[in-house]
Structure formats: structure tokens, C-alpha cells
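Reviewing the structure listed below.
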Amino acid sequence: MMTTKTTQNGAIGLAIDDAKIATLTLQHASGANKVDGAFGAALNEAVTWLGQQKNLSGVIIASAHKDWSVGADLEMLYKARDAAAFFENVRQLQQVYRALETCGAPVAAALTGSALGGGFELALSCHYRVALADGRIKLGLPEVLLGVIPGAGGTQRLPRLLGFQAAADIILQGKSLRPDKAKAAGLVHELKDSAEAVIAACREWIKANPKATQPWDAKGFKFPAPRPGSEQARDMLLVGAAMLHKKTAGAYRAPEAAIRAVAEGAHLDFDRALEVEARHFVKLVVGDQSKDMMRALWFHKNAADKQQDLPKTDTADFTKIGMLGAGMMGAAIAWSCAERGYQVVLKDIKQESLDAGYAHCKALTETRCKHLDQAQRDQILARITPTLELGKLEGCDLIIEAVFEDPELKRRVIEETQGLLAANGVWASNTSALPISDQAKAAKDPQRFIGLHFFSPVEKMPLLEIIAGEKTDDETIARCLNFCKRIKKTPIVVGDGYGFYTTRVFFSFILEGAQLIIDGQPPALIEWAARAAGMPVGPLQVFDEITLSLVTHALPQAKKYVGDRLPQQACEMVEKMVAEGRAGRAAGAGFYDYKSGRRDGLWSKLAAFASGSAATKTTEEIGERLLLAQAVEAVRCVEDGVIKRYRDADVGGIFGVGFAPNRGGPLSYLDRLGIDNAVQKLEALAKTCGPRFTPPKLLVEMAKSGRRFYDAV
Ligand code: NAI
């Protein structure tokens, strides 16, 4: 007979059968098994209940929901500021997990869904893990991606299970693995094809292993080599810390704390080691960086993905898409649409460009669809029709243009193709800067004309900047949002104006990098300072990647629209470099030298562009100037009405431009500096560097009235 009941708060179901195997069923009332106060209390009660069962032969932890456990309740983490109180909660949870693994009976995790973060740490506290072999399931410890570390034993159990190297590889990169990879990495013991088979495998294992304990609780446990304290372990940790610093330039607290928790804990007995982990974890949770990262990378990113507060429509999705231009962007956009099931007509005016574009689509299918069989890959390519004929565009319900960035050419292709659109079809431009309302003047139906700004490489970059022109209607925006969802991009919906949002912020960053050279700062320091401030790549390196000529081509338009706000000398320097054949990586020379396509150090003659000798600046000052140059432009976009939702500034900044994720985006950064403080810094920079730093009225008013962009936490 199976006896069943639940814990008092209902978060865990408790059952025991005739074979004395208990099943704890995770069934959090919210519909997702979060690790929060209710879960902690329920697990505590469940473990006490296990202790009362006579002749218990084993325990299975199962889930009633789609996921096994999604990990910590982020609302709770986000709000936590009281270190002492939070530390108590963390220690209690650690102790309950510990009590589970030392309950005296074998405990198996029936991973029929994803187990992440604190959820996966619960699985690690089980003696055995069986997972459902389903490619949608993810298992792992993604904590560092949101500025924290595993805090329920993950930094202690994983190294004792896999060794330093393999554990650090997962924890420091915040990895989540599919079941097959998780099995290969040693994170789970068995894979099964159905939920029933997972449970059955747990039962069999329990019957065969009545005396199971965790390896670290077994007599004579030896830490997997290299042993803590050994020369190899010290070398490995030192090299690991150095590699981390090279990668993050010291801008990220969480992976550094993770290395320390792993290294320090390895020398201690298990219970002390958990306490050390808790101290590192709590410090990160109550600190500023994790708040800023969670706000932008979790709450705002999710709101954008769910398209909260954005126009909706029930109109049927597009079916046939016309892509004008089979160049770098056009080919990749066409492929991304075909991969998601759309029929695509890929149109160019040159056979070579078309061939190259189609070859790129083929290459993308090979590299990105390894999980599909040949027939499925063929289907993707079969959905793309490359052509030189305009007539093939007949009946498209969406045409996206990605021809050269030339207003006159864009006008021509609009006139040439709009008559081929299906009734109510939408016409979109992938321009990176030209105002949509200006282009829409050539359109018969400006209400169905829109900007769809993709980022390169399209197949990897998660963002889609959707630009509404003056006359674009909500129905068109909504239809494009449905398209955006289907091609799995994160949308920001912005207003019109030269460079919209992302291009304006991005140009501010790279041109400020060039201007710093003219101001006499050492190029290597500029690059490092940007990264130490949290930018993933330095401005000179990015400049080379996107090519200096892309910027010089854009400058005449940019000057027309933004004039005196461009750093004049930087623009002249870039123009000179292009004239000298140093147009960037593709040209084999730019701010960097290149050998066989690889960066080979900064160009030794850059310093010759410096005018006068600048006062030496610290890394922090240079980094701050690079961030403020972008943040002040973001505020201008708010002021201009280009940014309509603050979240778009931060999500677009991070995912489109690479604005320092550790700062939570440009507006979060200003809040963190303090608006008043930011205004003062900008005023000082405006005096020495020019009007591009003049604090916008909006910011000055916010400083006066004590307003912020987001509520303080
Ligand atoms: P590209 O130079 O690689 O490709 C342009 C293609 O358009 C060429 O294949 C050309 O033959 C074709 N073309 C020219 N006239 C045409 C016509 N009348 N009909 C059909 N095809 C025609 O340029 P890329 O880099 O793909 O850029 C295209 C557009 O996307 C530009 O407006 C650019 O500003 C924008 N963009 C570029 C990004 C980048 O990172 N390169 C990022 C986002 C937007």
C-alpha cells in the first residue's frame, strides 16, 4: 500500500510504498519547482519524515512539474540585502541538503526535467542521478551568469565528484548540459528514454545499493587527482585564476569567488567547506553586481522575450519572405528564416554574390544543424530560393532589405519591389542607421514599413532591434514581433532617428576608443580599461572587426544627423587609416596588425596620432569614460523618444552592443553611479572632452529631483 500525503505547505508530496521506498515529489504551488523559503521548509519536513520511517530502504526524488527544479527563486535573491539573515537561510538549506545525503538510506534523483542551480545542487546531494534522455532538458550550474555562485553545496560536491578541472569548467562558465553531455561529463549516472523508466531505474539502483553513501562521506575518500595541496593542484588553481583574469579582466566577481570557494573548501572537512561557500555566496548575493546583472539579464531579458507591454495581433504569421541582398547580412538572415520554417526568396543583382550567399547558407546548415539528419538539413536549404529575378518575389508577405547602406539605392529597391508584396505585406529595412521614416517616404504604405535591424553574425546574435517609423502601425509591429518570436530573437522596439538606439550607443563606444588615442592614452591601456570596466571586447578590436570603412561610409550621414556630437579628430583619424589601407581585420590591417588573419599586436604607429601629451589617466578613469560615452547617448535616446521602455536600453545595450553586462546595461550603470554623481562626472568630461558628454536635461532633472531609472534594491 502506498501512503501519500504532502508537507504542510504542499510543496513536496510524501509517499512510501510496501518496499519501503519513499518518494518525495517536488510540486511547488507556483507551477515551477523553485528553491525558496517554502521549498526549504518543505524539504526540512520531508527529511524529518524520512527519519521517522521504519526500515526505510531508499528515497526517490521526483517532480510533478515539467522541470525537476529550476533553482533559486530569483525574486528572493534579487531583494536580499541583509547579509546576516540571508546567511542563516543559506546555511539552513545547506544543512537540509546535507541531512538528505546522510539520512542513512540510498537517495536517487529521478531527473525527468531540467535541474538547474540550487535544483541541480539538490540532485548532487542525492547518491544517484538518473536523467530522461530528452534534448530539451538542461542540467547544470548557471549561477555565475547572473553574478552569483552555487550556494547549496555545488562548489564543494562537484570538485569532490569530478576533480578541480572538470568542476571549475562547469562552475566558472555557468554551464548547463544536455543529458547526453551531462552523462559523458559524469554529472549523471544513467539515462533512460521515458519518465517511467527513469523511476524504475532509480528503484533498481536503490534495491542494489542499500548502503549507498556519498563518496566524500565514505571511509578513505580521496579527492580526485590532483589532490588539494599538491603541487599540481596549486599550479592548476594558479593557472586557472590567471586565465580567468585574462578572460574577464577582473570585471566579474562571481567566477573569482567560485575559484576561491572551490580552492578553500577543498582543504576543509565537508561541513566547514559548506560554510566557506555560503560566505562567498552571500557576499555576492547582497552585493551590487549581482543585482544589476539579475535585473538586466534575467528580469528585463525575460520581459523582452515575453514581449511584455508590446503590441499583439492574431493575424496569421508571414509565410513567404523576400530577402533583398545576399551579402553578409542578407544570406544569414535568409538562412535564419529558412531554419525556422519560412519560405525565403533570396534575391541579389550579382550571380557571384548570390552564389556566395547560398554557399554561406549551406555552411550554416552544416555547422549549426549537426543535430538534424540529412533530409532535415536538405529541407532547410530547399526552403531558400536564390534568384536574380525580381518576379520571384511576387506574393511575399514580408520583404527584408539588406542591400548596401546607400539611401538612394534603398529608395530604388523599395519602389522596385513593393508592388510585388502580397496584400497587407510588410516591407522592412535592415539598415543599421538610416531613419525609417525617411525611407518610408518612398513606400506606398508607410504604415506597413518598418526597421528590422539584425546584428552580425545573425545566427548567433540574440537581439532584433525593431524600429517603428512615424507612420508604422501597431499591427505591423505586432506581426514583426510574432516573426521575431519564431526566429527566436529577443526584441527591443524603439523609435526612429539616425542610428536608432544600438548604432548610436555602439558608435559612441568605438569612436571614444579612437579619440582616447588622440588624447594620448596608450592603445593597450584603452583596450584593457574597456574590458576591466566590463566590456567583452576593447573598442579598437571591435572597430577592426566591423571594419573602419563601415564607419567612414556612414560618417557623411552621421555628420548630417548628429553633427557636433561626433568626436571630430577620431573621425579624421579613422578616415586617414582607411585611406592608408588600414580598414580593419578584413583588410589585414587596422588598429591591430594581422598575420594570417590573426591579431598580431596593436599597430605600433598609433601613438603618432596623439595630439599633445595627455595627463596620465588610470585604468578606472579610462574605463569610466568609455562607459559614460555610451550611457550618455543612451539617455539622449530616452530623451529623444527612441527608447520607450528603460528595459530596452539595457537589454539592447548588452545584447546588441555588448555594453558591460556586469553593470546591467547603461541605465542600470547610471543608477548605480548615482544620477547626481553621474551628472557631475559628465560635466567634468564635457569640459575636457567636448559637448558629446554634456549631461542631457533629463539626467540633470532626475538628479535634482532625486529620481532614478529603476527602484533601488
Ligand atoms: P554586403 O555588402 O555584404 O551585401 C550587400 C549585398 O546587396 C551585395 O551582395 C549586393 O550585391 C547586394 N545588392 C546591391 N544592390 C542590390 C539590389 N538592387 N537588389 C538586391 N541586392 C543588391 O552588405 P551587408 O554587410 O550585408 O549589409 C547590408 C545592409 O545591412 C546594410 O544596410 C548595412 O548597413 C546593414 N547592416 C549591416 C550589418 C553588418 O554588421 N554588416 C549589421 C546590421 C545591418
Side-chain angles (χ1 to χ4, degrees), residues 71-72 77 83 87 90-91 94 116-118 120-121 124 140-177 185-187 216 222-294 297 528 531-534 536 619 660-662:
L77 287 197
F87 181 75
V90 173
R91 290 294 287 149
Q94 287 184 336
L116 295 167
F120 190 68
E121 291 176 284
L124 286 174
L141 299 171
E143 286 88 340
V144 295
L145 305 179
L146 293 177
V148 296
I149 61 170
T155 67
Q156 303 309 316
R157 290 190 177 90
L158 206 58
R160 283 166 173 80
L161 196 65
L162 304 180
F164 281 129
Q165 184 75 51
D169 194 39
I170 291 168
I171 298 170
L172 265 64
Q173 296 183 51
K175 274 193 188 165
S176 304
L177 307 177
L187 292 180
W216 42 91
K222 287 211 169 64
F223 208 100
R227 308 245 180 283
S230 68
E231 207 168 312
Q232 289 143 299
R234 279 203 308 272
D235 285 354
M236 190 180 275
L237 288 165
L238 274 175
V239 170
M243 277 169 50
L244 177 69
H245 196 67
K246 186 172 175 221
K247 200 168 150 203
T248 64
Y252 292 85
R253 305 272 158 272
E256 284 170 15
I259 282 206
R260 292 180 58 184
V262 167
E264 291 162 9
H267 293 277
L268 302 171
D269 73 65
F270 202 79
D271 293 295
R272 274 293 279 159
L274 288 175
E275 190 186 329
V276 166
E277 175 190 81
R279 292 196 188 283
H280 285 294
F281 174 64
V282 171
K283 192 171 169 198
L284 291 168
V285 170
V286 302
D288 292 342
Q289 190 173 80
S290 67
K291 308 286 178 220
D292 293 340
M293 290 177 77
M294 282 182 209
L297 303 173
W528 180 256
R531 299 216 303 110
T619 314
N662 58 330

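Atom set for the values below is all heavy atoms of this structure, side chains included, hydrogens, waters and symmetry mates excluded.
To the nearest 0.5 Å, atoms CZ (Arg253) and NE2 (His280) are separated by 13.5 Å. Summarising the geometry, atom CZ belonging to Phe281 is positioned 5.0 Å from atom CG belonging to Leu77; distances are rounded to the nearest 0.5 Å. To the nearest 0.5 angstrom, Leu274 atom CG is 6.5 Å from Arg91 atom CZ. The distance from the CZ atom of Arg160 to the CZ atom of Phe270 is 5.5 Å, given to the nearest 0.5 Å. Taking CD of Gln289 as the start and CG of Leu146 as the end, the distance is 11.5 Å to the nearest 0.5 Å. A distance of 10.5 Å separates CD1 in Ile149 from CG in Leu141, rounded to the nearest 0.5 Å.
Arg272 is linked by a salt bridge (Lys or Arg N to Asp or Glu O under 4.0 Å) to Glu275, counting only residues two or more places apart in sequence or in another chain. Applying the side-chain contact (heavy atoms from CB on, under 4.5 Å) test to Ala266 and every residue at least two apart in sequence or in another chain returns Phe164, Phe223, Pro228.
When all heavy atoms of Pro661 and Gly534 are compared, the closest pair comes out as CD-O, 3.4 Å. Across Gly140 and Pro142, no two heavy atoms sit closer than the pair O-CD, 3.4 Å. The two residues Ile171 and Ala258 make their nearest non-hydrogen contact at CG2-CB, 3.8 Å. For the residue pair Glu121 and Pro150, the shortest heavy atom distance occurs at OE2-CB, 3.2 Å. Residues Val262 and Pro159 approach most closely at CG1-CG, 3.9 Å, considering heavy atoms. Contact record, Val90 with Gly151: CG1-O, 3.5 Å, taken as the closest heavy-atom pair.
Looking at Ile170 and Leu187, their side chains come closer than 4.5 Å, going by heavy atoms from C-beta outward. Here the side chains of Tyr252 and Lys247 are not in contact, with every heavy-atom distance at 4.5 Å or above. The shortest distance between side-chain heavy atoms of Leu158 and Leu124 falls below 4.5 Å.
Enclosure of atom CD in Glu264 by more than 12 non-hydrogen atoms of other residues, nucleotides or ligands within 6.0 angstrom is indicated. Remark: Arg260 CZ is loosely packed, at most 12 non-hydrogen atoms of other residues, nucleotides or ligands lying under 6.0 Å away.
For the pair Lys291 (side chain) and Val285 (backbone), a donor-acceptor distance under 3.5 Å is present. Under the 3.5 Å distance criterion, the side-chain polar atoms of Glu277 are matched with a main-chain donor or acceptor of Thr155. In this structure a side-chain-to-backbone donor-acceptor pair under 3.5 Å is present from Arg157 to Ala152. A donor-acceptor pair under 3.5 Å is formed between the side chain of Gln156 and the backbone N or O of Ala261. Using a distance-only test at 3.5 Å, with no hydrogens or angles considered, a donor-acceptor pair links the side chain of Ser290 to the main chain of Leu284.
Counted by atom type alone, Gln165 and Asp169 present zero donor-acceptor pairs between their side chains at under 3.5 Å.
Here side-chain hydrogen bond (donor to acceptor under 3.5 Å, both in side chains) pairs that include residues 234-244, with residues two or more places apart or in two chains, number zero.
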